[in-house]
Amino acid sequence: MLNESTLSITDLTEDAIPFSTKGPKRLAWEDLKEGLMRWQVWYMLAYQDIKLRYRRSLLGPFWLTISMAITVYSMGYLYSYLFHMNIREYFPYLVAGMLGWSLISVTLTDLIEAFSYPEAMLKQIKLPYSIYVHRVAMRNIIIFFHNILIMVPILIIFHNVAKVNFCLLLLIPGLFIIYFNFICYGLVFSMIGARYRDISQIIKSLVQVAFFITPIMWTPDILPPSKRFIAYLNPFYAFIELVRQPLIGHAPTLLNILVVGVLTIIGITAGYLIFPARRARIIYWL
Amino acid sequence: MARVDLSSVHVEFPIYNVRSRSIKNKFLKMASGGRVIKDANQHIVVSALNNISISFLHGDHIGLIGHNGSGKSTLLRLLSRIYEPTHGQIHIDGSVSAMLDIVQGVEAEFTGYENIYIRGTLAGLTRKQIKAQIEEICELTGLGDYLAMPVRTYSSGMKVRLAFAISACINPDILLIDEVFGAGDAEFMEKARRKMITLLQQSSIVIMASHSDELIREFCNKVLLLESGQIKYFGNAEKALEMYHLSRVY
């Protein structure tokens with residue numbers, strides 16, 4: 001009798017252990033939610049990355065702005081003659097486009113290493129994985145806001161072409177859409193980058209090619225009308241336009257927004273398919 | 001009430017960059033206690049923890065012992081939710097704080113103060129909470145004006161002091177410790193010891209990996225002996241230490 005009763009008690013306590021029945025989707029969702037809630041962490045890490053890079057320099061993060069300014073100003077001047085473009089049209093177009101390009105291309109290459117670069121940290125403390133993606137995205141957004149100063153002289157010098165008007169406000173929703181896509185695609189790319197280390201090299205070389213085949217230095221209307229779709233369907237172009245057009249006083253075209261919409265849906269789908277399924281494995285890939 | 005339950009938990013590390021499998025196999029067998037097997041996709045897999053089923057309850061102060069590569073650190077990382085089990089289930093009730101490789105992650109270019117804020121934020125504290133504790137932390141480091149200097153100017157002992165003081169200011173339900181008593185002069189060791197004792201008393205469950213018999217005897221009421229990623233013994237400290245020392249003779 002006594003034996004039986006003790007047995008049943010131990011059985012009960014065994015059963016009472018509340019093992020989580022949360023599926024991978026639920027855990028992934030909690031990761032994303034906690035990642036958003038702990039924004040102080042990724043904001044701090046993002047800012048720290050930038051501060052660290054320029055710790056003992058006098059101008060600090062503004063070196064980013066200066067080196068960017070030298071590049072785009074000299075390019076703008078030279079290329080307007082090279083392409084026989086009206087400098088007053090071309091210069092603001094190129095500078096604004098370069099700002100958008102550097103935001104998107106640098107973030108893309110950084111995202112591949114979002115998990116593999118801070119490897120030691122991932123093995124040291126438990127943080128939601130999404131925090132590392134936010135960190136990379138945020139870091140580049142902060143850099144973008146340093147770089148945006150480059151536009152100020154342009155908007156003054158070429159004020160009759162590049163107008164400051166209410167279209168500039170479209171930059172804000174544009175950046176939110178870009179940020180959202182950074183996170184969606186970031187989750188996917190950072191996981192692929194952690195698992196297959198060659199990917200980061202491949203992407204780096206592809207990004208270099210993309211710079212030339214994307215309308216940044218050139219405008220799509222240089223192409224014959226039958227070939228313009230190549231430019232319009234370019235995903236880089238679609239995202240760059242979200243930044244470029246507001247900066248020079250226009251709104252992005254409907255086609256642009258449509259392409260961005262489709263790309264966003266693809267990004268959400270890819271993230272939804274990959275992140276919940278393989279999230280628990282990330283740490284084992286490092 | 002804090003509680004930890006593990007039910008037939010396995011942790012297996014895939015090794016992706018293996019070319020010559022046989023050599024790697026032999027090497028891994030020699031270098032670690034972990035067993036090397038292949039998974040379904042023909043990847044080499046190191047089994048770091050093998051079929052662990054155990055429960056830790058409120059009031060348990062567990063000493064974790066075992067040879068190098070027996071799975072102590074992996075178990076601590078599993079409990080701090082860094083690794084998720086490859087098979088089996090784990091349930092943790094209560095907040096966890098891990099003092100693993102504490103000096104890791106101290107940023108050399110930043111000052112002591114900045115590092116305190118960074119670590120505090122990572123541990124989930126708000127700026128306000130850190131501010132409330134900063135004096136106590138500074139006092140514990142005993143670094144004085146050095147805290148305003150970049151950490152790269154510190155000696156290794158000073159780095160340990162800083163890292164320890166920051167980690168010790170968090171009061172969790174479940175405290176995980178991996179060999180924290182390292183460098184540091186006598187005066188600091190005494191201070192750290194006192195802090196550690198209060199920290200241990202405040203925590204509901206403590207799990208600490210150590211190679212020091214005295215520490216285990218002093219702080220732990222139960223000992224978990226691991227061997228090749230499996231539980232060899234769980235229970236009385238003296239018995240476990242005896243078994244541990246016996247198994248040392250290869």
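Within every chain, numbering begins at 1; the chains are lettered A, B, ... in the order of the sequence lines, protein sequences first and strands thereafter.
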Can you check whether anything in residues 123-134 of chain B gets within less than 4.5 Å of chain A, heavy-atom wise, and list it by number?
A123(B), G124(B)

Is V106(A) close to W101(A) at the side-chain level, that is, under 4.5 Å between some pair of heavy atoms?
no

Is R77(B) in contact with chain A via its backbone, its side chain, both, or neither, using a 4.5 Å heavy-atom distance?
side chain

Got a second to check how far L175(B)'s CG is from M196(B)'s CE, nearest 0.5 Å?
5.5 Å

Interface moiety of S97(B) toward chain A, non-hydrogen atoms closer than 4.5 Å
neither

Hey, does F62(A) have a side-chain heavy atom less than 4.5 Å from the side chain of H146(A)?
yes

If I measure from the heavy atoms of chain B, does I125(A) come under 4.5 Å with its side chain, its backbone, both, or neither?
both

The interface call for I92(B) against chain A, heavy-atom contacts under 4.5 Å, is neither

Does a side-chain N-to-carboxylate-O contact under 4.0 Å join D178(B) and K72(B)?
no

Honestly, the part of Y47(A) sitting under 4.5 Å from a heavy atom of chain B is neither

Check each atom of I131(A) against the heavy atoms of chain B and say whether the ones under 4.5 Å are side chain, backbone, both or neither.
neither

Tell me whether F234(B) at atom CZ has more than 12 heavy atoms from other residues, nucleotides or ligands lying less than 6.0 Å away.
yes

Considering only heavy atoms, which portion of R197(A) lies under 4.5 Å from any heavy atom of chain B: side chain, backbone, both, or neither?
neither

Top residue by heavy-atom pair count (under 4.5 Å) with chain A, among E114(B), E107(B), E109(B)?
E109(B)

Are any non-hydrogen side-chain atoms of F13(B) and T86(B) less than 4.5 angstrom apart?
no

Is a donor on one side and an acceptor on the other found under 3.5 Å between the side chain of N140(A) and the backbone of I104(A)?
no

Does any part of the side chain of H91(B), heavy atoms only, come nearer than 4.5 Å to the side chain of V4(B), both counted from C-beta?
no

Under 4.5 Å heavy-atom distance to chain A, tell me which part of T121(B) shows up: side chain, backbone, both or neither.
both

Just give me the residue among Q40(A), K51(A), M121(A), K123(A) that pairs up with chain B most often, heavy atom to heavy atom, under 4.5 Å.
K123(A)

Regarding R135(A) and the six-membered ring of Y132(A), is the cationic atom NZ or CZ under 6.0 Å from the ring centre and inside 45° of its axis?
no

When rounded to the nearest 0.5 angstrom, what is the spacing between SG in C169(B) and CZ in F164(B)?
10.5 Å

Would a 4.5 Å heavy-atom cut-off, applied to side chains only, mark N147(A) and S102(A) as touching?
yes

